[in-house]
> 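First the structure, which I've put down as structure tokens, then a few questions once you've had a look.
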There are 2 protein chains.
Amino acid sequence: MNFQKLIKEFKKKGYKLTPQRRLILEILSKEKHISAEEIFERIKQSQPNVSFGTVYRNLNILLELGLINQLDFKDGRTRFELNKSHHHHLICLDCGVAFEIQVCPFNSEIFRAADSQDFSIENHSFEIYGYCRNCKYNKTKKLDGKEEQQS
Amino acid sequence: MNFQKLIKEFKKKGYKLTPQRRLILEILSKEKHISAEEIFERIKQSQPNVSFGTVYRNLNILLELGLINQLDFKDGRTRFELNKSHHHHLICLDCGVAFEIQVCPFNSEIFRAADSQDFSIENHSFEIYGYCRNCKYNKTKKLDGKEEQQS
DNA sequence: TCTTATTTTATAACCATTCCTATTTAGAAG
DNA sequence: CTTCTAAATAGGAATGGTTATAAAATAAGA
Ligand SMILES: [Mn+2]
Ligand SMILES: [Mn+2]
Ligand SMILES: [Zn+2]
Ligand SMILES: [Zn+2]
């Protein structure tokens with residue numbers, strides 16, 4: 001789903017295409033894993049009077065339309081990305097970097113478990129938390145430092 | 001890990017055992033998927049002057065010690081449960097009920113994906129969102145109602 | 001162009017969680 | 001049992017992400 005297609009999809013649902021909305025879609029097309037505040041800051045560059053309400057309201061509309069997904073990087077702010085191909089993430093608990101992994105672990109065994117409860121699946125989240133190469137390295141260095149202080 | 005063992009583990013780490021802490025552990029031993037506010041309300045029954053700060057501070061300590069886990073039911077509040085056997089959840093987006101499923105989809109393919117990024121795994125979340133039998137039924141009824149109004 | 005329902009702005013409110021600090025206390029030591 | 005003190009709590013204020021409100025602006029169809 002490219003930018004033009006997104007616009008079309010959005011208008012087809014009966015929503016008006018405002019400059020603010022065009023910008024939100026444009027920003028989401030360019031950057032993945034972006035927070036509401038980051039979107040807000042970027043829109044301000046060309047629309048200085050934009051309000052946070054506009055950003056959140058439209059993100060919620062895009063969520064309802066299923067055009068974007070919501071992610072939890074465990075850093076206190078929700079992140080958003082265009083709903084392109086289904087994937088999951090390796091998320092660094094230190095620096096917040098997120099690697100995308102294309103392998104999805106959802107399998108028939110899981111499906112049967114849900115089915116046995118007569119549970120109707122809408123979506124699933126699978127996120128792996130840990131430390132990226134850099135932060136793992138820095139962590140080790142910091143621990144070494146502590147040990148040196150103690151001795 | 002039963003209640004007595006929890007207490008022991010907690011003291012072994014050098015923390016003082018206050019009545020508030022004993023209660024928090026007792027409540028967590030009895031109820032799973034409980035929010036900070038629910039814990040707060042229950043403690044108030046025997047310790048009317050307990051503060052929210054105490055609840056949150058101790059939940060964070062228990063998280064650090066790895067004695068409890070944090071869950072996101074997408075209802076705006078964090079939930080907690082004792083770190084017993086590893087499991088995942090089917091979470092109803094309407095009523096918030098959570099069914100536990102014992103099957104974990106983490107596999108060697110995922111592990112290799114992380115390894116190829118030199119990513120050090122701490123933990124993972126896998127939650128399935130949807131509608132339980134009751135809410136699915138109520139949803140259908142509501143939709144039928146709408147259709148009748150339109151005609 | 002005119003009209004109107006939709007959208008935005010600006011600001012206040014909300015609410016889960018964290019922070020601050022004076023006071024209290026668990027547990028160690030005597 | 002009493003004393004001592006580092007650790008913990010109570011009470012309340014602050015924070016920060018998100019949502020609600022209502023007056024003003026505007027997209028888009030007639
Ligand atoms: Mn992604
Ligand atoms: Mn559980
Ligand atoms: Zn998946
Ligand atoms: Zn698992």
Side-chain angles (χ1 to χ4, degrees), chain A residues 6-27 33-65 67-80 96, chain B residues 6-27 33-65 67-80 96:
Chain A
L6 261 179
I7 299 278
K8 207 172 163 186
E9 184 79 11
F10 195 74
K11 294 178 81 169
K12 199 170 68 183
K13 299 287 185 177
Y15 290 99
K16 291 183 178 172
L17 185 61
T18 64
Q20 293 87 343
R21 283 177 171 166
R22 175 182 288 275
L23 275 167
I24 290 174
L25 292 173
E26 204 171 310
I27 291 163
H33 317 150
I34 192 167
S35 69
E37 192 191 4
E38 286 168 332
I39 293 172
F40 174 70
E41 291 299 338
R42 298 210 185 186
I43 297 177
K44 266 215 293 209
Q45 289 169 17
S46 49
Q47 303 274 327
N49 289 329
V50 71
S51 75
F52 251 112
T54 297
V55 174
Y56 277 110
R57 180 166 19 82
N58 288 304
L59 285 172
N60 285 331
I61 289 169
L62 292 171
L63 280 170
E64 273 174 33
L65 294 182
L67 295 177
I68 61 176
N69 294 323
Q70 217 171 353
L71 300 168
D72 178 13
F73 282 15
K74 305 274 188 207
D75 67 344
R77 61 190 62 192
T78 305
R79 287 165 186 284
F80 303 88
Chain B
L6 262 178
I7 299 280
K8 206 172 162 185
E9 185 78 11
F10 197 73
K11 295 180 80 168
K12 199 170 69 185
K13 298 289 184 176
Y15 290 100
K16 293 182 178 175
L17 186 61
T18 64
Q20 294 87 343
R21 282 177 171 168
R22 176 182 288 276
L23 276 166
I24 290 174
L25 291 174
E26 206 171 309
I27 291 163
H33 317 151
I34 191 167
S35 69
E37 192 191 5
E38 286 168 332
I39 292 172
F40 174 71
E41 291 299 337
R42 297 208 187 188
I43 298 176
K44 266 216 293 207
Q45 289 168 17
S46 49
Q47 303 274 330
N49 289 328
V50 72
S51 74
F52 250 113
T54 297
V55 174
Y56 277 110
R57 179 163 21 80
N58 287 304
L59 285 172
N60 284 332
I61 289 170
L62 292 171
L63 281 170
E64 273 175 31
L65 294 181
L67 295 177
I68 61 175
N69 294 323
Q70 218 170 355
L71 301 168
D72 178 13
F73 283 15
K74 305 273 187 206
D75 66 344
R77 61 189 61 192
T78 305
R79 288 167 185 282
F80 303 87

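Chain A is the first sequence line, chain B the second, and so forth, proteins listed ahead of strands; every chain is numbered from 1.
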> Give a yes or no on whether the backbone of E38(A) and the side-chain of E41(A) come within a donor-acceptor separation of less than 3.5 Å.
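No; zero donor-acceptor contacts below 3.5 Å.
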
> Would you say N58(A) places a side-chain N or O within less than 4.0 Å of OP1 or OP2 belonging to dT7(C)?
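N58(A) to dT7(C) OP1/OP2: no side-chain N or O under 4.0 Å.
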
> Under 4.0 Å: is that the gap between some side-chain N or O of N49(A) and OP1 or OP2 of dT8(C)?
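No, because none of the side-chain N or O atoms of N49(A) sits under 4.0 Å from OP1 or OP2 of dT8(C).
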
> Can you tell which of dG11(D), dT25(C), dG17(D) lies closest to the side chain of K16(B)?
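Shortest atom-to-atom distance from the side chain points to dT25(C).
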
> Of P19(A) and F80(B), whose closest DNA chain C nucleotide lies nearer the 5' terminus?
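Going by which nucleotide is closer to the 5' end, it is P19(A).
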
> Reckon F52(A) touches a base, only the sugar-phosphate, or nothing at all at heavy-atom distances under 4.0 Å?
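Counting heavy atoms under 4.0 Å across all strands, no contact is made by F52(A).
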
> In whole Å, I'd like the distance from the CZ atom of R79(A) to the P atom of dT18(D).
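Nearest whole value for this atom pair: 10 Å.
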
> Please classify the nucleic acid contact of Q20(B) as base, sugar-phosphate, or nothing, using heavy-atom distances under 4.0 Å.
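Here Q20(B) touches the backbone only, sparing every base.
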
> So does T18(B) get a side-chain nitrogen or oxygen closer than 4.0 Å to the phosphate oxygens (OP1/OP2) of dT9(D)?
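Result: yes.
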
> Rounded to whole Å, please give me the gap between CG in L25(B) and P in dA8(D).
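It is 13 Å, rounded to the nearest whole Å.
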
> When the nearest nucleotide of DNA chain D is assigned to K11(A) and to G53(A) on a heavy-atom basis, which residue is associated with the more 5' position?
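It is G53(A) whose nearest nucleotide is closer to the 5' end.
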
> Looking at dT18(D), I'd like to know if its phosphate oxygens (OP1 or OP2) sit under 4.0 Å from a side-chain N or O belonging to T78(A).
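So the side chain of T78(A) is within the cut-off, an N or O lying under 4.0 Å from OP1 or OP2 of dT18(D).
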
> Take the protein atom CD1 of I61(A) and the nucleotide atom C1' of dT18(D), then report the distance between them rounded to whole Å.
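Atom CD1 in I61(A) sits about 15 Å away from atom C1' in dT18(D).
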
> Taking OP1 and OP2 of dA10(D), is either one under 4.0 Å from a side-chain nitrogen or oxygen of Q47(B)?
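Q47(B) to dA10(D) OP1/OP2: no side-chain N or O under 4.0 Å.
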
> So, do R21(A) and I61(A) sit near enough that their side-chain heavy atoms are less than 4.5 Å apart?
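SC-SC contact between R21(A) and I61(A) confirmed.
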
> Taking the side chain as everything from C-beta on, heavy atoms only, tell me whether E9(B) gets closer than 4.5 Å to L67(B).
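They are in contact (side-chain heavy atoms under 4.5 Å apart), so the answer is yes.
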
> To the nearest Å, how far apart are N60(B) CG and dC19(C) P?
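Whole-Å distance recorded here is 9 Å.
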
> Measuring from atom CD of E26(B) to atom CD1 of I7(B), what distance do you get when rounded to the nearest 0.5 angstrom?
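E26(B) CD to I7(B) CD1: 8.0 Å, rounded to 0.5 Å.
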
> How many Å lie between CZ on R77(B) and P on dC14(C), as a whole number?
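Rounding to the nearest Å, CZ of R77(B) and P of dC14(C) are 16 Å apart.
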
> Out of curiosity, T78(A) OG1 to N69(A) CG, how far, rounded to the nearest 0.5 Å?
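Spacing of OG1 (T78(A)) from CG (N69(A)) equals 12.5 Å.
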
> Quick one: is R21(B) getting a side-chain N or O under 4.0 Å of the dA8(D) phosphate, OP1 or OP2?
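R21(B) to dA8(D) OP1/OP2: side-chain N or O found under 4.0 Å.
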
> Can you measure L63(B) atom CG to dT17(C) atom P for me and round it to whole angstrom units?
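Atom-to-atom, L63(B) to dT17(C), this comes out as 11 Å.
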
> Check whether any side-chain nitrogen or oxygen of T54(B) sits under 4.0 Å from OP1 or OP2 of dA10(D), and answer yes or no.
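Yes.
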
> Round to a whole Å and report the spacing from CZ of F40(A) to P of dT19(D).
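For the pair F40(A) CZ and dT19(D) P, the rounded distance is 15 Å.
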
> Please state whether the phosphate of dT17(C), meaning OP1 or OP2, lies under 4.0 angstrom from any side-chain nitrogen or oxygen of Y56(B).
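Y56(B) to dT17(C) OP1/OP2: side-chain N or O found under 4.0 Å.
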
> More than 12 heavy atoms of other residues, nucleotides or ligands under 6.0 Å from NZ of K11(A): is that the case?
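It does not: K11(A) NZ has 12 such atoms or fewer within range.
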
> What integer distance in Å separates K74(A):NZ from dG17(D):P?
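Rounded to the whole Å, the gap is 17 Å.
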
> If you compare every side-chain N and O of R57(A) against the phosphate oxygens of dT19(D) (OP1, OP2), does one of them come in below 4.0 Å?
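Checking dT19(D) against R57(A), no side-chain N or O comes under 4.0 Å of OP1 or OP2.
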
